[in-house]
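Below is one structure, written out as structure tokens; comments come after it.
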Amino acid sequence: MNVKKLDDLLRFIKAERIIGNNEKFISDITFDTRTITSDPVSIAQPLFVAQKGTNVDGEQFIVTAIENGAGVIVCESIPRYTSPDVTYLIVNNASETLGQLASAFYDYPSQQLHLVGITGTNGKTTVATLLYQLFRSLGHSVGLISTIENRINDEVIPSTHTTPDAVQLNRLLSRMVMEGCEYCFMEVSSHAVHQNRISGLEFRGGVFTNITHDHLDFHKTFAAYIKAKQGFFNMLTSDAFALTNRDDRNGAVMAQNSKANVKTYSLNNYADFKGKIIDNSFEGLQLVVDNEEVFFKLTGKFNAYNLLAIYGTAILLGENKDDVLVAMSNLESAAGRFQLIRGTEGRIAIIDYAHTPDALQNVLSTIKEITQHSVEIITVVGCGGDRDALKRPVMAENACKISNKVILTSDNPRTEDPYKILKEMEEGVPVAFRQNVLVIENRRSAIQTACMMLQPSGVLLVAGKGHENYQDVNGVKHHFDDSETVSEFFNLPLKK
């Protein structure tokens, strides 16, 4: 059992005021009253942080936290009623303090390994996952924190968020340290930066992939979205590196106020890590990377950028160039990222997580480029509910620009009416293209219809869900896997 003295933890945070005894022992740190458990035999007590969330103010649950056994309360204002048996720490920012306390409680695990964060609209999962694979293949003990899954070496830990909350994050990093991990590669979402989930962490480096339209339901404006991403690089120290995509117009903006050692990668401009595409096919990419020609198993220009980010990170972490390129040539893409399924008579289906307008356009442009505009492309796409509604018509418009036929369908409607989502998507369909668009709300039926329509040598893109094996409808996750569904209608054996 991890127990810390409150007075020791107070050395690492700035409390505006302390009410009560600061000599207590802390058994746990939490911001969720449902997780509070106390041992009547132990002198140690849980510490509850009353965060001000997007929808809920944690200070409403202080009484419940105390009833459940919390002996220390961290909050931003003195509660109306205080208990003489409870210690209150008044701070300026409870969520920022949560991260600092969690890091201190778990003995600053981020300082005991090389933690690298990857942020951007698209490519985070691919870059983080392939860095994990690369460093494992180079013989290192490695952790991974990603949208798809978390890993401690070969142990898989289910993932619920792109970036876990501050307590889960430090607990996970602490386990990695105990298991001997030298490195950890983690996705850093804009939500995580804005909500201070990464407060208290020390990063060895940060990687920026790109930034396009997304999450405006949360950030409200594109400027606020950029600022959130920028906040990650602003927290890097002078001992860290910041690796940015020079070909993205906001790449330089990301690190302009960072104390870190700024490096760049590019396909089109002078950069510290330069690449050039020689050949792009469904089998993979032939690239020149730092004057070495190498074949990679990933496809598409967007993956050329991902590969440069991975290569640059490995070199900045001190790995040997030749060893890195050899190992990278054997890497395979993350699940649900340009995942290829071959059917009969040359038919091809591609499963991809593309759920932003830019990502969808990138995948479709890659398909068009590889096939040299000579085959039919059918796209099945939807948009998630309770998320950025502004991108819905743009997603449909981008699908129509490059596809021959489009089927609009349901994604994860969550608590929204799926037909309302589809109606908003339809607004982006160009008038001249409407005869080539079908609206089929049932995702299984939509994929089945697309498979039946697909001509020999044609390409089917099923976009939006990628690796997800469920469909979220009114808070209930029903099993649904795009790759399984396509394989079934292609009459292929399912992979076990």
Side-chain angles (χ1 to χ4, degrees), residues 110 113-147 151 162-163 173 176 181-189 198 201-211 229 232-233 235-248 251-252 254-255 258 260-267 271-275 285 287 289-290 292 294 296-298 302-334 337:
S110 63
L113 45 65
H114 296 297
L115 177 63
V116 177
I118 299 94
T119 196
T121 305
N122 304 310
K124 294 189 298 297
T125 301
T126 295
V127 173
T129 302
L130 295 189
L131 276 168
Y132 161 83
Q133 292 180 14
L134 171 63
F135 275 70
R136 285 294 284 154
S137 69
L138 291 171
H140 296 292
S141 183
V142 189
L144 170 69
I145 301 174
S146 78
T147 301
R151 280 181 174 263
T162 299
T163 311
L173 288 170
M176 290 178 185
C181 289
E182 306 163 73
Y183 298 90
C184 174
F185 301 103
M186 68 174 282
E187 296 184 48
V188 177
S189 68
I198 57 173
L201 297 185
E202 188 170 304
F203 287 87
R204 176 68 180 82
V207 180
F208 170 71
T209 57
N210 51 65
I211 192 162
K229 295 286 189 189
F232 168 55
F233 293 95
M235 71 176 285
L236 297 179
T237 66
S238 58
D239 296 328
F241 65 82
L243 179 61
T244 68
N245 180 354
R246 189 166 183 185
D247 295 346
D248 186 288
M254 283 298 124
S258 179
N261 179 23
V262 180
K263 298 292 183 180
T264 58
Y265 62 94
S266 170
L267 289 174
D272 298 288
F273 304 103
K274 187 79 171 65
L285 281 162
L287 296 181
V289 179
D290 275 358
E292 296 286 343
V294 186
F296 301 97
K297 295 179 182 179
L298 279 69
F302 58 95
N303 270 324
Y305 282 108
N306 292 335
L307 288 163
L308 285 175
I310 293 161
Y311 173 75
T313 300
I315 300 303
L316 290 169
L317 288 172
E319 295 299 316
N320 175 271
K321 171 182 175 178
D322 293 335
D323 292 342
V324 168
L325 289 175
V326 170
M328 284 180 64
S329 68
N330 292 312
L331 296 178
E332 296 186 1
S333 188
R337 270 61 176 177

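Residue numbers count from 1 along this sequence. Fair warning: this is a prediction, and the values are worked out from it, not measured in the lab.
Scored by the salt bridge (charged side-chain N to carboxylate O under 4.0 Å, His left out) test, Arg136 finds Asp154 as partners (sequence neighbours excluded). Ala255 meets the side chain to side chain contact (heavy atoms under 4.5 Å, CB included) test with Ala242, Thr244, Ser258, Val262; sequence neighbours excluded. For Glu332, the salt bridge (charged side-chain N to carboxylate O under 4.0 Å, His left out) partners at least two apart in sequence or on another chain are Lys297. Here Ser329 pairs with Val294 under the side chain to side chain contact (heavy atoms under 4.5 Å, CB included) rule; sequence neighbours left out. Qualifying ring-ring contact (aromatic ring centres under 6.0 Å, His included) partners for His140, counting only residues two or more places apart in sequence or in other chains: Phe135, Tyr183. Checked against side chain to side chain contact (heavy atoms under 4.5 Å, CB included), Asp272 has the following partners two or more places apart in sequence or in another chain: Lys263, Thr264. By the side chain to side chain donor-acceptor pair (under 3.5 Å) test, Asn245 is found to be paired with no residue, residues two or more places apart in sequence or in another chain being considered. Judged as a side chain to side chain contact (heavy atoms under 4.5 Å, CB included), and not counting sequence neighbours, the contacts of Ala240 are Leu236, Thr237, Ala260.
Of all the heavy atoms in Leu201 and Leu173, the pair that sits closest is CD2-CD1, 3.8 Å.
The stretch residues 137-146 participates, sequence neighbours left out, in no salt bridge (charged side-chain N to carboxylate O under 4.0 Å, His left out) pair at all.
Phe208 pairs in a side chain to side chain contact (heavy atoms under 4.5 Å, CB included) with only one of the listed residues (Leu243, Ile118, Asp248), which is Asp248. Each of Asp247, Ile310, Asn210, Thr126 was checked for a side chain to side chain contact (heavy atoms under 4.5 Å, CB included) with Tyr305, and the lone residue meeting it is Asp247.
Using a 4.5 Å heavy-atom threshold, the side chains of Thr313 and Val116 count as touching. Using a 4.5 Å cut-off on side-chain heavy atoms (C-beta onward), Phe203 and Met186 make contact. Within the 4.5 Å cutoff, side-chain heavy atoms of Phe241 are placed close to those of Leu317. Taking 4.5 Å as the limit, some side-chain heavy atom of Phe273 sits within range of a side-chain heavy atom of Leu316.
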Using a 3.5 Å cut-off and no angle test, enumerate the donor-acceptor pairs between side-chain atoms of residues 320-328 and protein atoms at least two apart in sequence or in another chain.
| from | atom 1 | to | atom 2 | distance (Å) |
| --- | --- | --- | --- | --- |
| Asn320 | OD1 | Asp322 | N | 3.0 |
| Asn320 | OD1 | Asp323 | N | 3.0 |
| Lys321 | NZ | Asp290 | O | 2.8 |

List the steps and the verdict of side-chain contact (heavy atoms from CB on, under 4.5 Å) for Met254 and Ile211. CA-CA 10 Å; Met254 283 298 124; Ile211 192 162; 4.3 Å; yes
Derivation and outcome, side-chain contact (heavy atoms from CB on, under 4.5 Å), residues Leu298 and Leu130: CA-CA 11 Å; Leu298 279 69; Leu130 295 189; 3.5 Å; yes
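With Thr209 contributing its side chain and Asn122 its backbone, the two residues share a donor-acceptor pair below 3.5 Å. Here the side chain of Glu187 pairs no donor or acceptor atom with the backbone of Ala128 at under 3.5 angstrom. In this structure, the side chain of Ser146 does not engage the main chain of Thr125 through any donor-acceptor pair within 3.5 Å.
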